[in-house]
Protein chains: 2
Amino acid sequence: MSTSAVRESGSLAELIEADIYSGALAPGMWLKQIDLEQRYKCARLALRHALEQLHSRKVVQHIPNRGYYVPPIDSEHVHNILRARALVEMSVVEELIQNITDESLARLSYLASVFAETVKTGTVLEQDSANHAFHRELLKSCRNSVMVEIIWDLRMRVPLAAQRASNTPAKLERSARDHFEMIEALRTKDADRLRMITERHVSQYHFGSGDR
Amino acid sequence: MSTSAVRESGSLAELIEADIYSGALAPGMWLKQIDLEQRYKCARLALRHALEQLHSRKVVQHIPNRGYYVPPIDSEHVHNILRARALVEMSVVEELIQNITDESLARLSYLASVFAETVKTGTVLEQDSANHAFHRELLKSCRNSVMVEIIWDLRMRVPLAAQRASNTPAKLERSARDHFEMIEALRTKDADRLRMITERHVSQYHFGSGDR
DNA sequence: TTGGCTAATTTTGGCGCCAATTTTTGAACA
DNA sequence: TGTTCAAAAATTGGCGCCAAAATTAGCCAA
């Protein structure tokens, strides 16, 4: 179950970030350099560079002379991130509706059904991957690359485990249906409806009270 | 006119970032390590760490074996950043109106008049500093720290020189008046009006065609 | 057995050295 | 005089070594 050795595609920092997102490196875990060195089969220096990068982007936290660690889940912070995502994604709705093409709508329909299928049969990681594919296609219609960056950054800042903490099969199916509704709203160029679905779609992950 | 020596407050990376923002390190300029070492009176290694951090946050760009450099102004990118800022700042308008207190409104009035005064008599840096003070106070009423981070990040991603490229005294005075109008909209809890002013306030910096 | 103190081990992180690469300089040739 | 190629200088960036700090282990005393 080890993460792959160093593929040349994807820097070390990205590999670590992906493992934090997926939960392979769990929240709160200390990232001992000697362990990561073996896990990723990399040199000590490259590792330290990667950790510094991730630290500057707040993907990992750092205490001098103690080391780096995966940020513990702070449910208030997660709530803020999800709320920010909802607001930002709603902000680009108008542009999506303006720029969407028929070809893109066709691809979205396909990707939505792939996701719906994965919800039934796939693993959590496969579900997430299919979900990303749908939203990546969707965001292709947003010409403002800065907004797209912000949205993906916000997406990656909530580890999968935290997103799925309160996920029931029913919620997942609702997610799948949301995708089809989004496509319908895009087709009819109904901005208000798309905004509403978007808000609901993101906010469904909110959970109630905070442990920690 | 040299930047101060190493103050302990503010990491090296922040010092460099501030100099890039202010234009002391101009767009397109190569950041030779030997020069920065002297400028900031720092060790080589600390400098390299700072540059790596800034690179990972895209504050500087990097070509292996060639070095780091300040990103050239890309007016399309600047346009995207400003548009993103407008959208994101408009997204928090509702929350600002909900949370603003009378004390904060009083402080805003003071800071707005300070800015208005600075527009007449101060340097560009003083104007920018007064402007920041106003917006910092304004954003204190936004409880979502993630949104606040995004807004400040977007602010700092456009160097002052690029912002002020097309700035006339008339535009600056308009900015000063905008601040008072924003206070008025906050007082009357007029979200639509505040959104409108915000969009205008940010978009005024857009310039026409792109050199380079 | 338990609490606290000291020694040993582990881990992080900085510094100097050197190799790889690029840029500049200089000279030979058309 | 302009161009091309080669040698020299300068610059970046990686690696190993070692010191500072922290954690763990061990020991003594209550």
Side-chain angles (χ1 to χ4, degrees), chain A residues 2-20 23-72 212, chain B residues 2-20 23-72 212:
Chain A
S2 78
T3 31
S4 64
V6 206
R7 294 167 304 193
E8 267 317 280
S9 71
S11 70
L12 182 55
E14 286 166 31
L15 283 177
I16 297 174
E17 188 174 11
D19 282 345
I20 289 173
L25 299 174
M29 178 184 276
W30 283 97
L31 300 173
K32 281 177 52 183
Q33 296 182 6
I34 206 165
D35 292 339
L36 298 191
E37 211 171 4
Q38 296 179 65
R39 182 188 237 276
Y40 297 103
K41 304 269 187 293
C42 62
R44 184 63 143 266
L45 194 65
L47 180 64
R48 277 171 54 183
H49 286 178
L51 289 172
E52 273 182 77
Q53 274 181 44
L54 295 174
H55 172 60
S56 77
R57 285 173 36 219
K58 300 188 184 168
V59 177
V60 302
Q61 293 180 343
H62 180 236
I63 298 177
N65 290 321
R66 297 252 342 243
Y68 298 85
Y69 61 98
V70 183
R212 113 139 250 103
Chain B
S2 79
T3 30
S4 64
V6 205
R7 293 166 304 190
E8 266 318 281
S9 71
S11 71
L12 182 54
E14 287 166 30
L15 282 177
I16 298 173
E17 188 174 11
D19 282 345
I20 289 172
L25 299 174
M29 179 184 276
W30 282 97
L31 299 173
K32 281 178 50 184
Q33 297 183 4
I34 207 164
D35 292 339
L36 298 192
E37 210 171 4
Q38 297 180 63
R39 182 185 236 278
Y40 298 102
K41 304 271 188 295
C42 61
R44 184 61 143 267
L45 195 65
L47 181 64
R48 275 171 56 183
H49 287 176
L51 289 171
E52 273 181 77
Q53 276 181 43
L54 295 174
H55 173 59
S56 76
R57 286 172 33 220
K58 300 190 185 168
V59 177
V60 303
Q61 294 182 343
H62 180 236
I63 300 177
N65 291 321
R66 296 257 336 246
Y68 298 86
Y69 60 99
V70 183
R212 110 140 255 105

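So you know, we letter chains A, B, ... as the sequences are listed, proteins then strands, and number each from 1.
Annotation: ring pair (Phe, Tyr, Trp, His ring centres under 6.0 Å) contacts of His55(B) (sequence neighbours excluded): His62(B). For Glu17(B), the side-chain hydrogen bond (donor to acceptor under 3.5 Å, both in side chains) test picks out Arg57(B), with sequence neighbours left out.
Of all heavy-atom pairs between Ala24(B) and Arg39(B), the closest is O-NH2, 3.7 Å. In this structure, Pro27(A) and Pro72(A) approach most closely via the heavy-atom pair CB-CA, 4.1 Å. Scanning all heavy atoms of the two residues, the minimum distance from Lys58(A) to Pro71(A) falls at O-CG, 4.4 Å.
At whole-Å resolution of the value, OH in Tyr69(B) and P in dT12(D) are 15 Å apart. Rounded to whole Å, the distance from CG on Leu31(B) to C1' on dG13(D) is 16 Å.
Boundaries of the chain B contact region on DNA chain C are dG14(C) to dT23(C), first to last in 5' to 3' order (nucleotide atom under 4.0 Å from a heavy atom).
Checking the phosphate oxygens (OP1, OP2) of dG13(D), a side-chain nitrogen or oxygen of Gln33(B) falls inside 4.0 Å. Distances shorter than 4.0 Å separate none of the side-chain N or O atoms of Lys32(B) from OP1 or OP2 on dT12(D).
Partner Val59(A) forms a side-chain contact (heavy atoms from CB on, under 4.5 Å) with one of Leu51(A), Ile16(A), Val70(A), Leu54(A) and no other, that one being Leu54(A).
Taking every heavy atom of residues 43-50 of chain A and every atom of DNA chain C, pairs under 4.0 Å involve Arg44(A), Arg48(A), by number. Of the residues in residues 54-67 of chain A, His62(A), Ile63(A), Pro64(A), Asn65(A), Arg66(A) come within less than 4.0 Å of DNA chain C through at least one heavy atom, sorted by number.
Here CG of Leu12(A) is found 11.0 Å from NE2 of His49(A). Values are rounded to the nearest 0.5 Å. Residue Arg66(B) holds its CZ atom at 12.5 Å from CD of Gln61(B), rounded to the nearest 0.5 Å.
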Acceptor/donor pairs from residues 28-35 of chain A side chains to any protein atom, 3.5 angstrom cut, sequence neighbours excluded:
residue, atom, partner, partner atom, Å
Gln33(A), OE1, Arg44(A), NE, 2.8

